[in-house]
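Note on naming: letters A, B, ... go to the chains in the order of the sequence lines (proteins, then strands), and numbering restarts at 1 for each one. Hydrogens, waters and symmetry mates are skipped; everything else that's a heavy atom, side chains included, is used.
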Amino acid sequence: MSIRVHNTMTRTKEEFVPREAGKVAMYVCGPTVYNHIHIGNARTFLTFDVIRRYFIWRGFDVTFVQNITDVDDKIIKRAAEEGIAPADVADTYTFAFRAAMESLGIERPTAQPLATQTIPQMIDMIERLIAGGHAYAVDGDVYFSVRSFPAYGKLSGRDIDDLESGARVEVDDRKQDPLDFALWKTAKPGEPHWPSPWGEGRPGWHIECSVMSEGELGLPFDIHGGASDLIFPHHENELAQSEAATGTQFVRYWLHGGLLQVNAEKMSKSLGNFMLLKDVLAVYAVPVVRLFMLQTHYRSPLEFSTDRLDEARTAFERIENLVRNLEWAKSAKAMSSGAPSASRELLASARDAAREKFVAEMDDDFNTAGALGAIFEFARAANTFLADNQSDVGVADIELLVHAKELIIELLAVLGVVVTGAVDIEFPPDVVGIANQLAGYAGTDPEEAVRALLAARAAARAERNWTAADAVRDGLAMVGLVVEDTAQGARVTYRAVN
RNA sequence: GGCGACGUCGCCAAGUGGCAAGGCAGAGGCCUGCAAAGCCUUUAUCCCCGGUUCGAAUCCGGGCGUCGCCUCCA
């Protein structure tokens with residue numbers, strides 16, 4: 001079985017054939033570091049993190065490169081607003097970006113070059129473009145000549161004449177063609193600048209990606225990713241520069257993700273309708289945010305909504321509960337002969353089917369929504385097994401339970417969704433007082449206090465003293481601890497009060 | 001104006017020629033002292049019209065609607 005990917009260039013799904021068997025060379029456009037990233041930016045990075053993880057899980061050796069644009073108009077503007085140096089703005093938000101990626105559980109790139117550390121290579125490529133007749137210098141600026149590259153527009157599916165008939169092309173007399181774009185810009189006073197054959201200046205936006213991707217990966221590399229709003233002009237321009245400069249194919253497969261929307265409108269910094277990733281993560285756990293996003297295919301638009309996030313949280317709890325219940329059932333004393341063989345076979349075949357479907361869905365252009373469906377279908381099968389056999393788990397069933405749990409953990413890990421089933425129980429200090437009151441507990445250890453309370457409740461239940469038993473449960477509920485009665489006795493889990 | 005994408009159960013969302021996954025929400029039932037967790041049952045013919053086909057949500061044409069790109073943007 002092979003992996004199929006949707007290639008923006010051809011607008012179809014194609015079999016993924018890497019340039020080198022068993023290896024994937026991919027490049028994903030990183031951020032311009034002038035602000036914290038918002039949840040829409042995060043979606044794109046999450047998408048390609050999952051793609052990368054999946055390739056690795058399927059046995060590929062992945063080289064993952066992501067640039068950081070640390071010199072740019074917006075950084076300069078922000079620095080001016082705050083009265084600090086552009087480099088300080090860039091440093092601040094580069095640090096913040098890396099922290100944000102880590103907080104979302106996104107694996108670090110193999111290489112993460114900075115634009116400001118790639119200036120000589122950019123100048124070199126610009127010189128080659130000029131030498132090849134693909135670029136020209138005017139007053140210290142250098143422009144790429146779109147007319148010099150006949151294939152210009154092939155990625156985004158437009159042609160130059162169509163573009164020019166649109167009303168929004170800026171007019172600049174110094175350009176040979178309105179669509180020509182800057183490779184090098186003369187620095188204005190106070191702006192960051194580097195020496196170049198055309199004078200002190202700084203690079204245009206698109207050139208860095210051409211240079212860095214080629215420098216780190218060589219051409220053509222396998223996958224170039226980004227959000228769909230980068231297709232034009234950014235990626236079109238990258239492609240034009242690279243292919244014009246090298247005469248070889250730039251990228252084998254172009255992958256683009258759909259945009260996050262708010263009220264059916266693109267979330268963007270310029271529209272001001274954005275939520276910062278860090279603010280969302282302050283309220284929703286990482287697995288919940290990942291699940292929320294991965295329940296929609298990466299190429300589709302996704303509406304940001306706290307209602308959707310709340311639903312994702314409930315869905316994630318379903319998985320967490322299952323993993324915890326599998327672990328709990330496993331710890332049961334082997335009481336008897338165990339589950340009937342029909343029940344065991346059902347679970348085993350559901351396990352195989354889940355893995356098979358997961359792979360098939362992910363192979364099909366990384367269909368995480370379908371893959372999650374496979375996991376949830378298996379969750380039901382596992383829950384059914386537990387429901388049917390929870391009071392009758394035999395020694396022979398233990399292995400089955402372990403495998404079920406491991407499968408869920410493994411497959412979700414491919415999506416970067418970490419589920420352990422371990423409940424973080426912070427035994428609140430307040431339970432000591434409650435235990436003192438309801439169970440006569442005289443110590444000071446919260447965990448001991450909880451045990452005393454459960455013991456007291458068990459005794460009360462044995463006497464069918466429901467009032468006393470419920471008082472314990474209510475008391476624990478006040479500090480956020482939930483009591484659950486299971487076939488193996490009562491247990492306590494933690495649930496945030498909000 | 002040009003180019004492109006999308007329109008599937010109450011909400012979200014897979015599925016791109018052969019009897020419509022999954023999540024959330026709702027209803028009924030089971031389990032439970034009551035709960036919690038969970039299980040079972042139950043809710044769609046796929047925006048509209050026309051066409052191709054033995055057969056279409058899935059292909060083609062038209063219409064309506066939404067979104068994106070065409071300017072910085074993940």
Side-chain angles (χ1 to χ4, degrees), chain A residues 8 11 13 28-32 34 37-48 72-74 77 153 156-159 161-170 179 205 225-234 236 256-261 264-271 274 291-292 295-297 299-303 305 307-308 310-322 324-325 328 357 361 364 367-377 379-380 382-388 390 461 464-466 469-470 473-474 477 482-487 490-491 493 495:
Chain A
T8 305
R11 299 182 191 283
K13 285 183 197 170
V28 176
C29 288
T32 299
Y34 71 104
I37 64 163
H38 62 63
I39 187 82
N41 305 134
R43 184 192 183 196
T44 298
F45 301 136
L46 175 58
T47 291
F48 289 99
D72 173 86
D73 289 349
K74 291 193 289 286
K77 180 164 177 271
S156 54
R158 325 162 181 235
D159 69 60
D161 296 321
D162 279 349
L163 286 165
E164 291 186 352
S165 68
R168 290 156 128 189
V169 178
E170 66 183 276
L179 288 169
W205 175 35
S228 57
D229 58 354
L230 292 186
I231 296 171
F232 189 91
H234 185 52
E236 192 71 67
H256 290 98
L259 302 177
L260 196 71
Q261 304 184 339
E265 191 177 50
K266 172 184 175 180
M267 176 181 285
S268 78
K269 287 173 183 168
S270 45
L271 288 173
F274 58 89
L291 210 56
F292 158 69
Q295 277 181 316
T296 297
H297 187 92
R299 280 191 286 112
S300 299
L302 170 61
E303 176 77 15
S305 142
D307 285 349
R308 290 287 91 70
D310 289 339
E311 290 175 10
R313 175 155 55 198
T314 305
F316 182 62
E317 281 168 3
R318 180 173 168 78
I319 297 293
E320 273 191 316
N321 288 335
L322 170 60
R324 189 168 69 247
N325 288 337
W328 184 258
K357 183 178 175 189
E361 296 286 1
D364 183 14
N367 186 350
T368 55
L372 283 167
I375 292 172
F376 278 104
E377 282 181 70
R380 165 160 297 135
N383 273 323
T384 298
F385 181 86
L386 289 175
D388 291 347
Q390 61 187 347
R461 293 183 77 215
R464 307 183 68 79
N465 182 351
W466 309 127
D470 290 348
R473 191 166 64 196
D474 293 344
V482 177
V483 177
E484 298 180 319
D485 292 316
T486 74
R491 67 177 176 188
T493 59
R495 180 158 300 153

Carboxylate-amine/guanidinium contact A:Glu377 A:Lys357, below 4.0 Å: yes

According to the Watson-Crick and G-U wobble definitions, with both distances under 3.5 Å, which nucleotide is paired to [N]?
{"N": "B:G50", "value": "B:C60"}
{"N": "B:U32", "value": "none"}
{"N": "B:G65", "value": "B:C6"}
{"N": "B:A37", "value": "none"}

Rounded to the Å, how far apart are [X] [atom1] and [N] [atom2]?
{"X": "A:Phe232", "N": "B:G4", "atom1": "CZ", "atom2": "C1'", "result": "13 Å"}
{"X": "A:Asp474", "N": "B:A35", "atom1": "CG", "atom2": "P", "result": "13 Å"}
{"X": "A:His234", "N": "B:A74", "atom1": "NE2", "atom2": "P", "result": "9 Å"}
{"X": "A:Asn383", "N": "B:A36", "atom1": "CG", "atom2": "C1'", "result": "14 Å"}
{"X": "A:Asp470", "N": "B:A36", "atom1": "CG", "atom2": "P", "result": "12 Å"}
{"X": "A:Asn41", "N": "B:A74", "atom1": "CG", "atom2": "P", "result": "5 Å"}

Of the nucleotides B:C39, B:A37, B:C34, which has the atom closest to the A:Thr384 side chain?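 Among B:C39, B:A37, B:C34, the one nearest the side chain of A:Thr384 is B:C39.
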
For [Y], does its backbone N or O pair with a side-chain atom of [X] as donor and acceptor, under 3.5 Å?
{"X": "A:Asp364", "Y": "A:Glu361", "value": "no"}
{"X": "A:Glu303", "Y": "A:Ala264", "value": "yes"}
{"X": "A:Glu236", "Y": "A:Gly153", "value": "yes"}

Can you tell me, in whole Å, how much space there is between the P of B:A56 and that of B:G28? 38 Å

In 5'-to-3' order, the base (B), backbone-only (S) or no-contact (-) status of each nucleotide in nucleotides 14-23 of chain B, using a 4.0 angstrom heavy-atom cut-off, is SS-----BSB

Give [X] one of three labels, base, sugar-phosphate or nothing, depending on what nucleic acid heavy atoms sit under 4.0 Å from its own.
{"X": "A:Leu230", "result": "sugar-phosphate"}
{"X": "A:Val483", "result": "base"}
{"X": "A:Gly226", "result": "sugar-phosphate"}
{"X": "A:Glu265", "result": "sugar-phosphate"}

With a 3.5 Å cut-off and heavy atoms only, can you find an N or O donor on one side and an acceptor on the other between the side chain of A:Arg11 and the base of B:G4?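 Counting by modelled atom types and ignoring angles, no donor-acceptor contact under 3.5 Å is found here.
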
Hey, is the side chain of A:Asn321 poking within less than 4.0 Å of OP1 or OP2 on B:G38, counting only N and O atoms?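 Checking B:G38 against A:Asn321, a side-chain N or O does come within under 4.0 Å of OP1 or OP2.
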
Quick check: do A:Arg43 and A:Thr296 have side-chain heavy atoms less than 4.5 Å from each other? yes

